[in-house]
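Below, each value reflects all heavy atoms present in this structure, side chains not excepted, and no hydrogens, waters or symmetry copies. Quick note on labels: first sequence line is chain A, next is B, and so on, each numbered from 1. These numbers come from a predicted model, not from an experiment.
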Amino acid sequence: MNEDDVVAKPLRHPWRWISGVLVVGVLALFIFSLYSSPSVDHDIIVKYLFNAQILNGAWLTVVITVVSMLIATILAVILAVMKLSPNPLLKLVASAFIGFFRGTPLLLQIVFWGYLGIIYPTLTFGIPFTDIVFIHGQTSALIPSLAAGIIALALNEAAYSAEIVRAGILSVDGGQMEAASSLGMRGGYTLRRIILPQAMRVIIPPMGNEFISMLKNTALLEVVAVLELYTQATMISAQNLAQVELLVVAGFWYLVMTTILSIPQRQLEKKYGRGFNVTTARSRMFGFGKKEVSA
Amino acid sequence: MSGLMVDARSVRKSFGSNEVLKGITLSVEQGQVLVLLGPSGSGKSTFLRCINHLETINGGRIYVDGDLMGYRQVGDVLHEMKPAAIAAQRRHIGMVFQRFNLFPHLTALENVIEAPIGVNKENAKDAKQRGMKLLERVGLGDKFDHYPSQLSGGQQQRVAIARALAMEPKLMLFDEPTSALDPELVGEVLNVMRDLAKEGMTMIVVTHEMGFAREVADTVVFMDQGLVVEAGSPAEVLDNPQHERTKAFINSVL
């Protein structure tokens, strides 16, 4: 031990304690008010929490979310690359797509896809002006409400995610593209191996947000009678008239799902953060700087 | 085997209305080192980037090892090359950048073997062995698994040189390779370049390192305002410059 070792009393943080007590107090009051309310029947909540219909609905919600998000992400990368391409036609098409799907309410788009059969009673997939037909049939049979719902959610989400992906691509230093070119790499290869892996650092946090939004937006599919969680809950409450109780049940499962689905985000951030030193002055300022380069 | 590795004829390049290269003619023989000197804005970096077609040119022709860069000439008509053909031409030309431009998400070794495996379809095991040898050759035998952010500037630039060498180029272009380095790190990079020149690599180097130019260059070219002002051996251009502009520049640098 040296004479001049720094032995200082740590800085006190009284406000952390005071605000902590306040937060816990407010939360306790809220829970108590719910619990003590005479219009909420706790037995019904408990009864339906693990009801088969509710659980099936929750599972379908997860499936719709994951499938829609997968399609949306692939489309988003294509749209982002189109928007950054020097080809004016590709740029225009991408901008128009994004403008259209961002510019109209999601609910409207869901209803549109759900009612596609009214506008086009039959659908034919083939080569125009020839007799070659791959698929032909009733629209409602070819695109059931579940597929219509997924299409609506995926296309809408693609428009939002495209801008996130584009921002990610733009965040990568231009010198990376030059270095890749000088090594004889071609555009697609450079995008896949050099640009996107770096862009992921910027893309993942907002995409995590989008994922959570998507999960909650699946509730809108109630209007086209897709049997996801919210639809199931309203169907039950239409019969037993316990609306508030079933909203609590549905809300509980939405919270469980969003919490669980947030976990992979941290893994992804770690994976794509490799090679980037996260100890910056800014992260240290807010007290969550890591010391090691994550590998 | 000897011959012209780089043959640039009256190369012109404009950015909008600003003509930065006004007719550059110079050539580099196989195995020779050419150092490009000049004040900033003289067009030397732009010229270097024109050689591997990172910049398109507006006039003149550039041949590398006999191949016209970026275009196909059929009779009197020039055709733009497809991106794939341009990429194929660049494979034989290594480039080292002022700001290293290493791939930050890959380790030193991964940086070196990415193009041999992905572009040349070399088998991963061979590429890895060759990559390790190259890193050892630039003095980084103990840094295979380090990410660029864990390396000093001089070490990063040496990885960048190894990365370019991994494609077994017949020509190396250096764009101010030591300008972004702390003074004490310049030497280690210049040493690697000096060794490379001794082994017979054809090199074009844009630099302000007069000592390196004097010692390593076969030819020194002084450029100013998009034109070649003076070219010759280091002794001629550096010790006995004929033009006022060359004299002024060399006095200002020394």
Side-chain angles (χ1 to χ4, degrees), chain A residues 81 84-87 90 165 168-205 267-284 289-295, chain B residues 45 48-49 51-55 82-108 110-121 145-151 156 159-160 163-169 171-175 180:
Chain A
V81 171
L84 291 169
S85 112
N87 180 333
L90 291 181
V165 174
I169 292 175
L170 288 175
S171 76
V172 178
D173 181 63
Q176 295 289 307
M177 192 80 203
E178 287 194 344
S181 297
S182 79
L183 288 164
M185 294 178 191
R186 294 178 55 188
Y189 184 89
T190 306
L191 184 74
R192 213 172 63 245
R193 297 281 304 175
I194 307 297
I195 306 295
L196 279 182
Q198 295 180 56
M200 287 303 256
R201 278 178 62 243
V202 176
I203 292 173
I204 288 169
Q267 302 303 318
L268 281 174
E269 280 183 27
K270 213 175 148 192
K271 179 179 171 197
Y272 288 105
R274 71 181 197 134
F276 289 88
N277 200 328
V278 290
T279 313
T280 60
R282 190 177 40 198
S283 66
R284 239 182 274 119
K290 286 191 219 156
K291 295 220 166 53
E292 299 284 319
V293 167
S294 53
Chain B
S45 284
L48 204 66
R49 296 155 55 80
I51 294 175
N52 67 353
H53 210 65
L54 279 182
E55 302 283 358
K82 287 186 180 164
I86 295 172
Q89 284 188 323
R90 289 193 184 121
R91 262 163 231 172
H92 309 295
I93 303 171
M95 187 159 194
V96 175
F97 300 87
Q98 181 177 357
R99 288 174 52 241
F100 329 135
N101 294 351
L102 287 180
F103 305 133
H105 61 303
L106 302 178
T107 63
E110 286 169 344
N111 262 280
V112 174
I113 65 180
E114 179 66 36
I117 294 175
V119 177
N120 287 352
K121 307 292 172 209
D145 295 331
H146 285 57
Y147 286 96
S149 60
Q150 298 167 307
L151 299 172
Q156 289 190 52
V159 174
R163 177 176 72 175
L165 291 176
M167 293 298 281
E168 300 182 321
L171 168 68
M172 285 284 285
L173 308 173
F174 292 86
D175 187 6

Donor-acceptor pairs are to be reported for all side-chain atoms of residues 171-178 of chain A against protein atoms at under 3.5 Å, with residues two or more places apart or in another chain.
residue  : atom : partner  : partner atom : Å
A:Ser171 : OG   : A:Gly168 : O            : 2.6
A:Asp173 : OD2  : A:Gly175 : N            : 3.0
A:Gln176 : OE1  : A:Gln198 : NE2          : 2.8
A:Gln176 : NE2  : B:Leu102 : O            : 2.8
A:Glu178 : OE1  : B:Arg49  : NH1          : 2.9
A:Glu178 : OE2  : B:Arg49  : NH1          : 2.8
A:Glu178 : OE2  : B:Arg49  : NH2          : 2.6

Non-hydrogen atoms of A:Leu183 and B:Ala115 that approach each other most closely: CB-CB, 3.9 Å
Residue A:Arg193 versus chain B: region with a heavy atom under 4.5 Å: both
From B:His105 atom NE2 to A:Ile194 atom CD1, the distance as rounded to the nearest 0.5 Å: 4.5 Å
Minimal non-hydrogen separation, A:Ser182 against B:Asn52, with atom names: CB-ND2, 4.0 Å
Contact origin within B:Ile93 toward chain A - heavy atom pairs under 4.5 Å: backbone
Most contacts with chain A, counted as non-hydrogen pairs under 4.5 angstrom, among B:Gln89, B:Glu110, B:His53: B:Glu110
By side chain to side chain donor-acceptor pair (under 3.5 Å) - contacts of A:Tyr189 (at least two apart): B:Glu114
Minimum-distance pair of heavy atoms, taken over all atoms of A:Gly275 and B:Ser149: O-OG, 2.9 Å
More than 12 heavy atoms from other groups under 6.0 Å of CZ on B:Arg91: yes
Exercise: identify the closest heavy-atom pair between A:Ala179 and B:Arg163: CB-NH2, 3.5 Å
Heavy-atom contact with chain A under 4.5 Å, split by part of B:Ala84: both
Engaged part of B:Phe103 at the chain A interface, taking heavy atoms whose separation is under 4.5 Å: both
Heavy-atom proximity to chain A below 4.5 Å, by part of B:Pro148: neither
